[in-house]
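Each chain gets a letter, A, B and so on, in the order its sequence line appears, and its residues count up from 1. As the structure is a computational prediction, the values presented were derived from the model and not from experiment.
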Number of protein chains: 2
Amino acid sequence: MTKRTDLLTGLPVAADGAAPPRERADAARNRARVLAAAEELFATGDPAEVTMEDIAKAAGIGRGTLYRRYPDRASIARALLDEHERALQHEILRGAPPLGPDEPDPAARLAAFYAAMVDLLERHVHLLLGAETGSARYRTGAYAFWHTHVRILAAGTADPTTLADVLLAPLAPELYRRQRDQGIDPGRITATLAGLAYAMLPAAVGEGVVGE
Amino acid sequence: MTKRTDLLTGLPVAADGAAPPRERADAARNRARVLAAAEELFATGDPAEVTMEDIAKAAGIGRGTLYRRYPDRASIARALLDEHERALQHEILRGAPPLGPDEPDPAARLAAFYAAMVDLLERHVHLLLGAETGSARYRTGAYAFWHTHVRILAAGTADPTTLADVLLAPLAPELYRRQRDQGIDPGRITATLAGLAYAMLPAAVGEGVVGE
DNA sequence: CAGCAAGTGGACGGTGCGTCCATTTAATCC
DNA sequence: GGATTAAATGGACGCACCGTCCACTTGCTG
């Protein structure tokens, strides 16, 4: 029988409505060490090359202890990423325009989303690369959120679901890393994506729906 | 000293202008077996899970023999993919409109390129997934070719280099596989990409250049 | 058919993974 | 503050795959 833990935080999860058993002091200390060590390792080298052994060693704990909370590297990266993504999701759901729901122009809102995502990428690509190797990106809850958001912004178009995938594709962490390595600065990327937003979601005329 | 072999075909490469030493009969037979076995394995299961051992076993040869020609799984997938990509590249460089160089409208040419790429993906995603895990995609010669092509089509825009990356992003094999798994058919993808092409590369007015 | 370079394949050492369990340690109760 | 108990720990273990190495085999050539 395996102990159930939250994939995001690594904290034990209550199977029922029962109060979660308090985390022991040494466990909490080690969890903090793991996250600090992992952040450092992801940022320093190639995130894809970081091993569970590396993290355990850097955190000064044994492999068994590490596996107790995090089943793999990706779950550690997600735990580190979680608060940042949640903050952005909150801005989108409840924040002010142009990111929040009161923004009337879908294109402007998409452009703002792009800008926020570029900012997130700029600050945390290393974590995204640690969390989302290739197709794993599409299986995360975060991708589902972004996809739903963009799909709704594209509601007036011919095929919002497919278009949402297309509009999210340029935000792939691997691409962002490569563009930055090639000397393309975040401003250029944001500007190009803004152009994409306004080209694909032209402002609705009156209350009409944009077809084709 | 390691024997030099062509990464694409696995054939020995002449170091100089010297005539390449003819391939021995057993070597040729085994190379054919390897390619046939690999094609089968990539198509059947998860391309990312195929190991060199699997391929060697399926081809009925030893691991050492396999490594003699192909340094890794990706090089085998690329060898299988090569002829198909070359055919498309030839169409682009020398073929008829709307794919070829005589097509006057960049948007139409980009849309045709998208259609051809979707066709390529539909027939060979499994090979692309075997060859290009994550960021490896950007290091292939093929990506460089597609990028140059699209960059030239986008020549009139504000930042053709960055835009080319953005326009190529939706063609990521991982995304294509996922969309297909979700029941999205190739036609929808092609249609959405055509919309993207015409939105981002509006037909030039007269011989003027499209700004902003 | 003899000589030899090309080709072969399995053994080997190395690395990372994920599990298991004997031991240690923090929290609780008297 | 000592006994009790369950959580927590960490290193050993077995497994899978990698990539190399080299003694042996085989096809080609003269």
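For the pair B:Tyr70 OH and D:dC18 P, the interatomic distance rounds to 17 Å; values are reported in whole Å. Between the CZ atom of B:Arg33 and the C1' atom of C:dG9 there is a distance of 14 Å, rounded to whole Å. Atom C1' of nucleotide C:dA6 and atom CZ of B:Arg31 are separated by 14 Å, given to the nearest angstrom. Between the CG atom of A:Asp54 and the P atom of C:dT15 there is a distance of 12 Å, given to the nearest Å. Separating the CD1 atom of A:Ile55 from the P atom of C:dG16 is a distance of 12 Å, rounded to the nearest angstrom. The CD1-C1' distance, from B:Ile76 to D:dG19, rounds to 13 Å in whole Å. Nucleotide D:dC22 holds its P atom 18 Å from the OH atom of B:Tyr67, rounded to whole Å.
Taking the side chain as every heavy atom from C-beta outward, A:Arg31 and A:Tyr70 approach each other to under 4.5 Å.
For the pair A:Val50 and B:Arg63, both in contact range of DNA chain C, the more 5′-proximal nearest nucleotide belongs to B:Arg63. DNA chain D is contacted by both B:Arg73 and B:Gly64; B:Arg73 maps to the nucleotide lying nearer its 5′ end (nearest heavy atom per residue). Take the nearest nucleotide of DNA chain D for A:Gly62 and for B:Glu53: the residue whose nucleotide is more 5' is A:Gly62.
Side-chain contact check for A:Asp165 and A:Tyr143: at least one donor-acceptor pair (N or O, by modelled atom type) lies under 3.5 Å.
In terms of the side chain to side chain contact (heavy atoms under 4.5 Å, CB included) criterion, residue partners of B:Ala169 (sequence neighbours excluded) are, by chain and number, A:Ala169, A:Pro170, A:Leu175. With sequence neighbours excluded, the residues satisfying ring-ring contact (aromatic ring centres under 6.0 Å, His included) with B:His84 are B:His124.
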Salt bridge (Lys or Arg N to Asp or Glu O under 4.0 Å) evaluation trace for B:Arg78 with B:Asp82: CA-CA 6 Å; B:Arg78 277 202 299 275; B:Asp82 184 46; over 6 Å; no
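In terms of phosphate contacts, A:Arg69 brings a side-chain nitrogen or oxygen within less than 4.0 Å of OP1 or OP2 of D:dT9.
A salt bridge links A:Arg180 with A:Glu122: the distance from a Lys NZ or Arg NE/NH1/NH2 to an Asp or Glu carboxylate oxygen falls below 4.0 Å.
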Protein-to-nucleotide contact annotation, 5' to 3' order, nucleotides 24-30 of chain C [B base; S sugar-phosphate only; - none; under 4.0 Å, heavy atom]: -BSS---
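Counting non-hydrogen atoms of other residues, nucleotides and ligands closer than 6.0 Å to CZ of A:Arg123 gives a total above 12.
Out of C:dT8, C:dC17, D:dG19, the shortest distance to the side chain of B:Arg68 is found at C:dT8. Comparing C:dT8, D:dG10, D:dG19 against the side chain of A:Thr65 picks out D:dG10 as the nearest. Side-chain atoms of B:Ala27 lie closest to C:dT8 of the nucleotides D:dA8, C:dA11, C:dT8.
Note on B:Ile61: only backbone sugar-phosphate atoms sit closer than 4.0 angstrom, heavy atoms only; bases stay farther off. Residue contacts shown for B:Asn30 are limited to sugar-phosphate atoms, with no base heavy atom under 4.0 Å away.
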